[in-house]
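When a residue number appears, it is its place in the shown sequence, counting from 1. Each ligand, and each atom within it, is numbered from 1 in the order the structure gives.
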Amino acid sequence: MWGNPFGDLHDAIAIDLGTANILAYRQGRGVVLNEPSVVAIADEEGTHKILAVGQEAKRMVGRTPGNIRAIRPMQEGVIADFQVAALLIEYVIRKVRNGRHLRGPYIAISIPSGSTPVERKAIREAAEAAGARKVFLIDEPMAAAIGAGLPVTEPCGSMVVDIGGGTTETAVLSLGGTVFSQSIRIAGDAIDTAITAYLRREHRLLIGDETAERIKLTVGAAHLPDDDEGAAMVIRGRDIAEGVPHEVLIGEAEIAIAIAEQVTAVVDLVRSSLEVIPPELAADIMDRGLVLTGGGGLLRGLDRVLAYSSHLPVVVSDTALEDVARGAGRALGDLSLYRFAFEDA
Ligand SMILES: Nc1ncnc2c1ncn2[C@@H]1O[C@H](COP(=O)(O)OP(=O)(O)OP(=O)(O)O)[C@@H](O)[C@H]1O
Ligand SMILES: [Mg+2]
């Protein structure tokens with residue numbers, strides 16, 4: 001039961017186990033770890049050996065020889081590889097706690113709002129397998145909204161749109177509860193995939209995931225450039241037909257077209273969410289607008305496109321990549337105010 005489970009609060013860790021990135025937040029210290037959610041594993045005679053985790057493992061993706069696999073244990077927001085997810089959480093616990101400990105830490109961990117009971121259980125068990133003494137689950141949009149500084153406990157509606165690597169989630173929160181939430185499995189990764197497909201189709205160029213992401217970060221935008229030109233960059237890949245290294249010059253406009261379908265899916269999700277907001281809260285949202293968070297929310301011009309299509313003020317969170325971890329951590333640190341946010345263990 002609740003009582004005061006956090007006598008040992010200083011040893012609590014809030015974790016955002018995302019599809020793209022894993023973050024850890026500690027009371028009084030802030031975000032203490034932020035790395036890609038990737039584990040590189042070597043398969044040897046039926047056993048797994050961890051070669052690298054996080055940043056180092058991400059560099060191996062697409063460059064790994066035969067017996068080395070780089071695994072992202074979360075796919076589209078849910079656990080795809082339970083064992084590897086547990087390894088990743090264990091790595092985080094080890095890295096952010098110093099000294100010896102007799103007992104495992106309290107862990108708050110975020111879960112996508114649409115998670116099934118089976119998925120929730122899988123995340124809880126992965127954290128337990130990683131050594132957590134007790135696991136508290138918090139809905140991701142609630143954590144994101146708290147992290148972005150929205151007044152979720154007040155009797156007025158707050159709307160958050162969290163675009164991560166695997167999922168885009170919209171939610172309206174009021175009086176400490178999630179009034180509703182919706183999600184689609186289209187986010188940053190799907191945009192990268194669209195860029196890869198476009199280059200293959202239009203330029204006969206094969207590129208890897210890392211290159212696709214770099215293109216998005218460099219010349220990606222949600223709408224066509226205001227002048228006809230926009231930014232441009234040289235991309236190296238392999239020519240499909242000839243099989244040889246090849247370079248092409250790609251402009252901002254082309255990439256905007258390549259990812260238009262994914263941008264439209266996000267816009268449609270926001271619009272359909274607005275349609276189901278109860279009227280009392282709709283007025284609040286019209287007034288206060290929505291907050292865009294998650295790494296995908298940083299896509300250039302997306303705030304503008306959403307503001308235009310929804311007729312609402314749109315603000316991009318200053319801490320978009322950290323909001324879920326910050327919010328989960330803040331909730332854990334102020335249980336008298338935020339106890340509602342956790343699903344009791
Ligand atoms: N400036 C940027 N512009 C566009 N996309 C960005 C930017 N910065 C990061 N991203 C993208 O944001 C995504 C990662 O965001 P985030 O860390 O919020 O995801 P996640 O929480 O791991 O995923 P999920 O919430 O879906 O499980 C990646 O697809 C990354 O390419
Ligand atoms: Mg996320």
Side-chain angles (χ1 to χ4, degrees), residues 14-25 31 33-38 54-55 58 61 72-80 85 88-89 92 109-115 119 123 138-148 160-171 181-196 208-223 231 252 255-256 258-259 262-263 265-266 269 291-306 316-328:
I15 295 178
D16 171 10
L17 177 54
T19 304
N21 299 299
I22 183 162
L23 282 81
Y25 178 103
V31 173
L33 179 140
N34 181 353
E35 298 205 35
S37 317
V38 181
Q55 198 60 53
K58 189 181 182 186
V61 176
R72 284 170 62 164
M74 305 297 287
Q75 303 276 339
E76 298 181 334
V78 300
I79 287 199
L88 198 53
I89 298 171
V92 169
I109 192 158
S110 57
I111 37 161
S113 55
S115 303
E119 288 162 355
I123 297 213
I138 181 168
D139 271 350
E140 238 159 59
M142 177 61 79
I146 295 170
V160 67
V161 177
D162 177 1
I163 308 176
T167 54
T168 297
E169 299 187 78
T170 60
S181 62
Q182 290 186 332
S183 82
I184 51 173
R185 295 185 174 184
I186 295 175
D189 288 346
I191 290 179
D192 298 350
T193 304
I195 292 173
T196 305
D209 294 346
E210 215 181 324
T211 304
E213 186 181 28
R214 197 153 40 78
I215 295 169
K216 173 179 70 180
L217 300 181
T218 314
V219 295
H223 55 73
E252 199 178 324
I255 297 303
I259 67 175
Q262 288 65 37
V263 170
V266 170
L269 178 71
V291 170
L292 202 49
T293 184
L298 299 172
L299 180 70
R300 190 142 34 95
L302 186 59
D303 51 344
R304 216 166 111 190
V305 169
L306 284 175
V316 182
S317 170
D318 291 337
T319 46
L321 283 158
E322 299 183 346
D323 283 340
V324 171
R326 283 167 173 265

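At the top of the distance list for atom 1 (N) of ligand 1, counting protein heavy atoms only, stands Leu298 CB, 3.5 Å. The shortest contact between atom 17 (O) of ligand 1 and any protein heavy atom is with Asn21 ND2, 2.7 Å.
Here Ile191 has no heavy atoms under 4.0 Å from ligand 1, in either its backbone or its side chain.
Residue Lys216 has at least one nitrogen or oxygen atom sitting less than 3.5 Å from a nitrogen or oxygen atom of ligand 1, judged on distance alone. Between Arg300 and ligand 1, not a single N/O pair is under 3.5 Å apart. Taking distance alone, with nitrogen or oxygen atoms compared against 3.5 Å, Thr167 approaches ligand 1 more closely than that limit. Considering backbone and side-chain N/O atoms, Gly166 comes within less than 3.5 Å of an N/O atom of ligand 1. Some N or O of Gly295 is nearer than 3.5 Å to an N or O of ligand 1, by distance alone.
For Gly296, the heavy-atom gap to ligand 1 drops under 4.0 angstrom. Residue Glu213 places a heavy atom less than 4.0 Å from ligand 1.
The closest side-chain heavy-atom distance from Val161 to Thr293 is not below 4.5 Å.
Under a 4.0 Å criterion applied to the non-hydrogen atoms of Gly18, ligand 1 contributes the atoms 20 (P), 21 (O), 22 (O), 27 (O). Close approach to Gly294 involves these atoms of ligand 1, each under 4.0 Å from a residue heavy atom: 18 (O). Within the listing of ligand 1, atoms 29 (O) sit less than 4.0 angstrom from a heavy atom of Gly188. Atoms of ligand 1 lying under 4.0 Å from at least one heavy atom of Ala20, given by number and element, are 14 (C), 19 (O), 20 (P), 22 (O), 23 (O). Interface atoms of ligand 1 facing Leu321, defined by a heavy-atom separation under 4.0 Å, are 15 (O), 17 (O).
Other residues, nucleotides and ligands contribute at most 12 non-hydrogen atoms within 6.0 Å of the CG atom of Asp209.
From Ile184, atom CD1 reaches atom OG1 of Thr167 across 9.0 Å, with rounding to the nearest 0.5 Å. How far OG of Ser110 is from CG of Asp16: 4.0 Å, rounded to the nearest 0.5 Å.
One finds a salt bridge joining Arg72 and Asp189 here, because a Lys/Arg side-chain nitrogen approaches an Asp/Glu carboxylate oxygen to under 4.0 Å.
Taking every heavy atom of both residues into account, Ala171 and Pro141 meet most closely at CB-CB, 3.4 Å. Scanning all heavy atoms of the two residues, the minimum distance from Thr19 to Gly77 falls at OG1-N, 3.0 Å. Annotation for Ala221 and Glu252: closest pair CB-OE2, 3.9 Å, computed over non-hydrogen atoms.
Remark: of the listed residues Val305, Ile163, Leu292, Val263, Val263 is the sole one forming a side chain to side chain contact (heavy atoms under 4.5 Å, CB included) with Leu299.
In this structure, Glu35 contributes its side chain and Gln55 its backbone to a donor-acceptor pair below 3.5 Å.
Looking at Ala187, Ala190, Gly165, Pro36, it is Gly165 that brings a heavy atom closest to atom 23 (O) of ligand 1.
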